[in-house]
Amino acid sequence: MPGSSAAGPASPFVFARQEDFLTPVGNAVNGEFLADEEHVVRRLADAARLDADAAAEVQATAVRLVEAVRKAPAAKGGLDAFLRQYDLSSQEGVMLMCIAEALLRIPDDETADRLIADKIKAGDWSSHLGDSQSLFVNASTWGLMLTGRVIRLDPGDVAAPSGAVSRVVGRVGEPVVRAAMRQAMRIMGHQFVMGRSIGEALEKSLTGGNRRYRYTFDMLGEAALRTSDADRYFEAYRSAIGSISSRVGEYADFEARPSISVKLSAMHPRFERSHRERVLADLAPRLQELCVLAREAGIALTLDTEESERLELTFELLERVARDPRLEGWSGLGVAVQTYQKRALAMLRWLIGLARETRRTLHVRLVKGAYWDSEIKRAQERGLPGYPVFTRKPSTDVSYLACARLVLEKGPEIYPQFASHNAHSVAAVWHMAKRYGREFEFQRLHGMGEDLYSVVTSGDGLNVPCRVYAPVGEHEDLLPYLVRRLLENGSNTSFVNRIANESEPVENIVADPVAVVDGWDRVSHPRIPLPADLYQPERRNSSGLNLADGAQLRQLADRMQKVSRREWLAAPIIAGQDREGAVQTIRNPANGEEVVGEAQAADSSQATEAIGVAAAAQPAWNAAGAAQRAEALERAADLFEQQLPEFVAMCVREAGKCIPDSISEVREAVDFLRYYAARAREDFGRPLRLPGPTGESNELAMQ
């Protein structure tokens, strides 16, 4: 589409103000959003490094914790016990994940039934039966075997259940099996949930051995899809705060009281950067109302952090609450910080500055992060220049220690809460906190880490309080949370599995992550290529834009406005020459009054002429060879990428597409160009030698 150089009307795009792109929060934390992993991790390792004596003390404490856990009786229930039996290195563990995903995500029963019929028969479930003292493990195993629920097995079938399970499926049908599977998932899921209601969860927290822990309650629910969802979750948070307020008198001090955790995406159906103004206008008042209620109740409220593209918006909402005059002097406001993000240190520096400015103590829950798989896949799918998270687990552990040190050393305005199930991380935090004379608490997930934290909280252990992150809700809200936690913690490389595996040496489990990172020649994971290299060696992935970064949005907006200030004209091109045709006015389908430009349509004679020119050129194009033709396609792909903002502007104005879809349109064109270039080299570059009789040569060539 050739463009005229004549000056056109003012830009038709009405973008947000400069400050809506480049916010103070974004300027402070986004500098290392997708930074080079090598540089970031080496710098974090230096920040986390302890001197030899301190490192030895941490190591000794970590060893003592692991040995104490291994000497203690195994937990009788909870997810720890389940993961010891079904880790993701086992066939049954993988199948369990498949089934859970099927039940959660497959919309129709028929497809779910087919997957269950395929997977459930292949597992060696009987090998897990009786191996654990946990009622949870054995109940789940029996549920997964479908025994004792839908059919009675004879003793011979118990010893060799695969044939019996096959007969069960054939006899009662997959719908019954599906119902049994859902029941097994309920058994697993309720090990993650403190109670179906906040009242039930509070009662449970005050009974028996649960009294040794503090609690923060999370009302189960993933992102709201509709306004009605958001309203329901908001009311659930209001109700939970009211229920907790009626019990605060039963606790010794403010920090010992139960608190509430809030997932912002559950309270707004468009909690994303592209709807920033709407989210701030709609959600900030609701969040401020919840915080006022929490202050009146005398409890703390913490904002959960979610996917990396939601971080900046989360911090903007946090700042609005922190600067609300009604909340002056309240020291219960908090936020979670994910240390698997490359921006973690920048986040903490900004939080320390905010706490100083607003003269308050902020609660900071330091976590390692629960969305790693999706963060990696989204960056690859979007063609980003890097990843927002580290690609190797020890790098996250190093980041965690560097962040812990910053908070303990330079953040007296922060009340630190350290969430970890890793003995070395726990030991390192404990020693650093003693060195800097800071009070703090540990945190763990409900149903996990009980063996470790029974030692940590005891008087002859580390004698440090621990808060349990305890979900509350009904079964319909449980499965998404359950699958995420199983994926997060189910790997056999996770600490939950390794601490109980007596065949693994203790020194391996409590290895200093700084020393591990120091021993690497290359920081990034060798089997996780950068998004640009996802399809190598065949071809380069198309480049996308990080639309969660205001600086990139601003650059995109500037170039879109620039290209749209000129008049757009399109005409037939035959043999490199512009031709004239019937003039057609092109209007923006999203705004019928806006004229995008003019297009001159080719007539039938021009189309016939163009086909003739192409046919005449074909022999020379074919004779040019595969390499030259592939290079031409790749040059076109590179030019498309260089002009991406201009093409996006055209897609938006001429086709009425939104910006993310327009970027995808351009990237698809780039991907096809590079794909066909690769196929040209592979399929047309050289003949394929075929096997044949001695003395005969056969080749297959394509043109």
Nearest-0.5 Å distance, [atom1] of residue [X] to [atom2] of residue [Y]:
X: Glu665; Y: Phe647; atom1: CD; atom2: CZ; value: 12.0 Å
X: Glu375; Y: Glu307; atom1: CD; atom2: CD; value: 6.5 Å
X: Glu306; Y: Ser374; atom1: CD; atom2: OG; value: 11.0 Å
X: Leu264; Y: Leu313; atom1: CG; atom2: CG; value: 8.0 Å
X: Ile663; Y: Leu547; atom1: CD1; atom2: CG; value: 4.5 Å
X: Leu530; Y: Leu384; atom1: CG; atom2: CG; value: 11.0 Å

Quick one: does [X]'s side chain have a donor or acceptor within less than 3.5 Å of a partner on [Y]'s backbone?
X: Gln600; Y: Gly581; result: yes
X: Arg360; Y: Ala322; result: yes
X: Asp229; Y: Arg226; result: yes
X: Arg286; Y: Phe234; result: no
X: Glu654; Y: Asn588; result: no

Salt bridge or not between [X] and [Y]? Use side-chain N to carboxylate O under 4.0 Å.
X: Asp671; Y: Arg540; answer: no
X: Asp638; Y: Arg635; answer: no
X: Glu538; Y: Arg679; answer: yes
X: Arg320; Y: Asp324; answer: no
X: Glu609; Y: Arg579; answer: yes
X: Glu381; Y: Lys377; answer: no
X: Glu634; Y: Arg629; answer: no
X: Arg356; Y: Glu413; answer: yes
X: Asp558; Y: Arg554; answer: yes
X: Arg310; Y: Asp304; answer: no
X: Arg273; Y: Glu312; answer: yes
X: Glu37; Y: Arg392; answer: no

message: Is there a salt bridge (Lys or Arg N to Asp or Glu O under 4.0 Å) between Glu289 and Arg326? Walk through the geometry before answering.
response: CA-CA 10 Å; Glu289 181 182 343; Arg326 295 172 296 172; over 6 Å; no
Do you know the tightest heavy-atom contact between [X] and [Y]?
X: Thr305; Y: Gln338; result: O-NE2, 3.3 Å
X: Trp568; Y: Val563; result: NE1-O, 3.2 Å
X: Pro513; Y: Leu401; result: CG-CD1, 3.9 Å
X: Cys291; Y: Val321; result: SG-CG1, 3.5 Å
X: Ala379; Y: Pro388; result: CB-CD, 4.2 Å
X: Trp372; Y: Thr391; result: CZ2-O, 3.8 Å

query: Can the positive tip of Lys368 be found less than 6.0 Å from the middle of the six-membered ring of Tyr340, inside 45° of the ring normal?
result: no
- request: Measure from NZ or CZ of Arg539 to the centre of the six-membered ring of Tyr535, then state whether that distance is under 6.0 Å and the direction lies within 45° of the axis.
  value: yes
With side chains defined as the heavy atoms from C-beta onward, is the minimum distance between [X] and [Y] less than 4.5 Å?
X: Asp533; Y: Asn541; value: no
X: Leu633; Y: Phe672; value: no
X: Ile586; Y: Glu598; value: no
X: Leu287; Y: Leu303; value: yes
X: Val25; Y: Glu319; value: yes
X: Leu34; Y: Lys342; value: no
X: Leu311; Y: Phe33; value: no
X: Tyr233; Y: Ser265; value: no

Neighbour count above 12 (heavy atom, 6.0 Å) for [X] [atom1]:
X: Glu38; atom1: CD; result: yes
X: Tyr675; atom1: OH; result: no
X: Gln577; atom1: CD; result: no

message: For Ser662, run the side chain to side chain contact (heavy atoms under 4.5 Å, CB included) check against Met650, Lys657, Arg653, Arg667 and tell me which one passes.
response: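 That would be Lys657; it is the only one of Met650, Lys657, Arg653, Arg667 passing the side chain to side chain contact (heavy atoms under 4.5 Å, CB included) with Ser662.
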- request: With Ser274 as reference, evaluate Arg276, Arg270, Glu272 under the side chain to side chain contact (heavy atoms under 4.5 Å, CB included) test and give the passing residue.
  value: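 Between Ser274 and the candidates, side chain to side chain contact (heavy atoms under 4.5 Å, CB included) is satisfied uniquely by Glu272.
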message: Would Glu357 and Arg323 count as a salt bridge (Lys or Arg N to Asp or Glu O under 4.0 Å) here? Give the steps.
response: CA-CA 9 Å; Glu357 280 186 46; Arg323 298 188 187 281; 2.7 Å; yes
Candidate pair Tyr400 and Val367, rule side chain to side chain contact (heavy atoms under 4.5 Å, CB included), full reasoning: CA-CA 8 Å; Tyr400 190 88; Val367 302; 5.8 Å; no
With a 3.5 Å cut-off and sequence neighbours excluded, list the donor-acceptor pairs that the side chains of residues 343-351 form with protein atoms.
residue : atom : partner : partner atom : Å
Arg343  : NE   : Gln341  : OE1          : 3.2
Arg343  : NH1  : Asn30   : OD1          : 2.8
Arg343  : NH2  : Ser308  : O            : 3.0
Arg343  : NH2  : Gln341  : OE1          : 2.7

- prompt: Using a distance-only test with no angle check, is there a side-chain donor-acceptor pair under 3.5 angstrom linking Ser524 and Arg522?
  reply: yes
query: Is the closest side-chain donor-acceptor distance between Gln703 and Asn622 under 3.5 Å?
result: yes
- request: Mind running side chain to side chain contact (heavy atoms under 4.5 Å, CB included) on Val648 and Leu644 for me, showing each step along the way?
  value: CA-CA 6 Å; Val648 168; Leu644 182 141; 3.8 Å; yes
- prompt: Considering the options His525, Gln380, Arg378, which one meets the side-chain hydrogen bond (donor to acceptor under 3.5 Å, both in side chains) requirement together with Tyr387?
  reply: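 Going through the options one by one, the only one that passes is Gln380.
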Stepwise salt bridge (Lys or Arg N to Asp or Glu O under 4.0 Å) test for Lys393 and Asp397: CA-CA 6 Å; Lys393 181 67 168 61; Asp397 293 335; 2.8 Å; yes
